[in-house]
Structure formats: C-alpha cells, structure tokens
Amino acid sequence: MSELHLHVPFFDELWYRKQLMEDPATMNYNRGYGLPYDGYDPETGCIAFPESEWRNWYDYYIGREPDRFYAYIVRDDGTFLGEVNVHRSDEHPWYEMGIVIEAKYRGHGYAVPALRLLLHHAFDFLHADAVHNGFEDIRDAAVHAHLSAGFTVCRQENSLLELLITRDQYEAANA
C-alpha cells in the first residue's frame, strides 16, 4: 500500500470536499439523521457544498490551529482519499474529530493509518490532551479502525458509541 500523508487543501482544491460531501455512496452513513446543516439531504446523507459557501468555510477551518485543523488524506501518488478534522470541544477537555474515507477507497486499509496521522497532528502539534469521536455502534469498520488506532470506548448509550484516546494512551502506544 502506498504511504499516506495529510494535506491542508488550497482554496482551489475544495472541489474534492464538494465531491465527498455530495457523493451518496460516501455519505450514506449520514442518511436519515435529520442533521441540522443547510443543504442536508436525509434521503442520501449528502450535504450540499456549493461554491458560494467555499470562502466562508475555508476561512473558518483553514489556518485556525490550534483551535481546529482540517486536511485531506492523500496517497503519496497524489490521490485524494478522504478528509480528517479535529476541533476543540466547547463543552469538554478534548478535541472532537471526524474522518471520511471516500466510498471507493473504503476497505483498502486506509482508515487506521489516516487516524494515526490525525492523532499525531492533534497530540504533537495541537497539544491536545485527548481526542474524542462518537458514532453508531453498528458501524463495525469505523469501530474497528478507531480501536486499532488506540481509541478506547468511554461511553455507550443506546446505539451511540463514544471513543476517546488520551495523550497518555497515545504516548504509551507510540513510545
């Protein structure tokens, strides 16, 4: 497998984020949740990302470290595979995170290395104390990837699973 790296997109590369957000196969995990986003389609899980919103989105997410970080997951051959992000929680002493692997690249072993790259950035550059993610427990591949990257289950309520990795856990795993 080709090596991966994270790439903070240039403004003119936001076409890829638009492609991800508007691809029903990639966004199917979002279906039927009634998410509070303008342009959210509960039938497909897609979230519209029109060019008219790119500038505001870019200015909010890019160059805002240590509060937030966003990057594409990229193979060393230059192929964009998905996206990752972290941002400080307003309510908890951790960073919230997200990862989306484009549907056609799922199941190819990219999620765990991408998560490890994101954790490296969060702990070693943003100086996070912990990183948290939450999603439905039926998403077996996502659960496996997070556990393989060092997360532990910190809470489970109904079908929602919450996972956390602390700085100590990260450092112990990478010593």
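Bear in mind the structure is a predicted one, so any value in this text is a computation, not a measurement.
No side-chain donor-acceptor contact under 3.5 Å links Y95 to the backbone of F123. R64 contributes a side-chain N or O that, together with a main-chain N or O of D59, makes up a donor-acceptor pair within less than 3.5 Å. In this structure, the side chain of R68 does not engage the main chain of N85 through any donor-acceptor pair within 3.5 Å. Remark: the backbone N or O of T166 is paired with a side-chain donor or acceptor of Q169 at under 3.5 angstrom. Here the side chain of R75 pairs no donor or acceptor atom with the backbone of L81 at under 3.5 angstrom.
Residues N28 and R106 approach most closely at OD1-NH1, 3.8 Å, considering heavy atoms. Between G45 and N30 the shortest heavy-atom distance is O-CB, 3.3 Å. Between A111 and A145, the shortest heavy-atom contact is CB-CB, 3.8 Å. Looking at every heavy atom in both residues, E22 comes nearest to P24 through O-CD, 3.3 Å. In this structure, K18 and P50 approach most closely via the heavy-atom pair NZ-CA, 4.2 Å. Listed here is the closest heavy atom pair of L6 and A71: CB-CB, 3.9 Å.
Summarising the hydrophobic clusters (Ile, Leu, Val, Met, Phe, Trp, Tyr; side-chain heavy atoms under 4.5 Å, direct or chained), the residues clustered with W94 are L164.
Rounding to the nearest 0.5 Å places CZ of R167 at 11.0 Å from CG of L119. Interatomic distance, E171 CD to I165 CD1, rounded to the nearest 0.5 Å: 10.0 Å. Annotation: the span from H108 atom NE2 to E102 atom CD amounts to 10.5 Å, rounded to 0.5 Å. Atom CZ of R155 and atom CG of L161 lie 11.0 Å apart (nearest 0.5 Å). Note that CG of L163 and CG of N133 are 7.0 Å apart. Values are rounded to the nearest 0.5 Å. Distance check, rounded to the nearest 0.5 Å: CG of L160 to CZ of F135 gives 9.0 Å.
Residues W57 and R17 form a side-chain contact, since some pair of their non-hydrogen atoms from C-beta on lies under 4.5 Å apart. Between L4 and D76 there is no side-chain heavy-atom pair separated by less than 4.5 Å. Inter-residue side-chain proximity for V84 and M97 is flagged as unmet; no heavy-atom pair is nearer than 4.5 Å. The closest side-chain heavy-atom distance from V131 to Y170 is not below 4.5 Å. Proximity of L14 to Y58: side-chain heavy atoms (C-beta onward) are separated by under 4.5 Å at one or more points. At least one side-chain heavy atom of P66 sits under 4.5 Å from a side-chain heavy atom of R88. With a 4.5 Å cut-off on side-chain heavy atoms, Y105 and T79 count as touching. For the pair Y72/V8, no side-chain contact is recorded, criterion being any heavy-atom separation below 4.5 Å from C-beta on.
Applying the salt bridge (charged side-chain N to carboxylate O under 4.0 Å, His left out) definition to pairs two or more places apart or across chains, those involving residues 126-136 are E136-R139.
Proximity of the aromatic rings of H87 and Y61 is defined here by a centroid distance below 6.0 angstrom, and this criterion is not met. Note: W15 and F49 fail the aromatic proximity criterion, with ring centroids not under 6.0 Å apart.
Between the side chains of Q156 and D137, at least one donor N or O sits under 3.5 Å from an acceptor N or O. E83 and Y16 are not linked by any side-chain donor-acceptor pair at a separation below 3.5 angstrom, with hydrogens and angles left out of the test.
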Determine whether I73 and I101 satisfy the following criterion, side-chain contact (heavy atoms from CB on, under 4.5 Å), listing intermediate values before the conclusion. CA-CA 8 Å; I73 305 159; I101 304 288; 3.6 Å; yes

Are M27 and M21 close enough, and set up right, to give a side-chain contact (heavy atoms from CB on, under 4.5 Å), and what steps lead you there? CA-CA 7 Å; M27 300 302 289; M21 300 300 287; 4.1 Å; yes

Would you please test T26 and V100 for side-chain contact (heavy atoms from CB on, under 4.5 Å) and show each step? CA-CA 8 Å; T26 297; V100 176; 3.6 Å; yes

If you apply the rule side-chain contact (heavy atoms from CB on, under 4.5 Å), what do you find for I62 with F11, and how did you get there? CA-CA 9 Å; I62 305 301; F11 183 81; over 6 Å; no

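Under a hydrophobic clustering in which Ile, Leu, Val, Met, Phe, Trp and Tyr are joined whenever their side-chain heavy atoms come within less than 4.5 Å, directly or via other members, L117 and I99 fall into the same cluster.
By the neighbour-count criterion of 12 heavy atoms within 6.0 Å, atom OH of Y37 is sparsely surrounded, having that number or fewer from other residues, nucleotides or ligands. Surrounding NE2 of H144 are at most 12 heavy atoms belonging to other residues, nucleotides or ligands under 6.0 Å away.
The aromatic rings of F125 and H120 sit perpendicular to each other, their planes meeting at more than 60°, with 30° as the lower class boundary.
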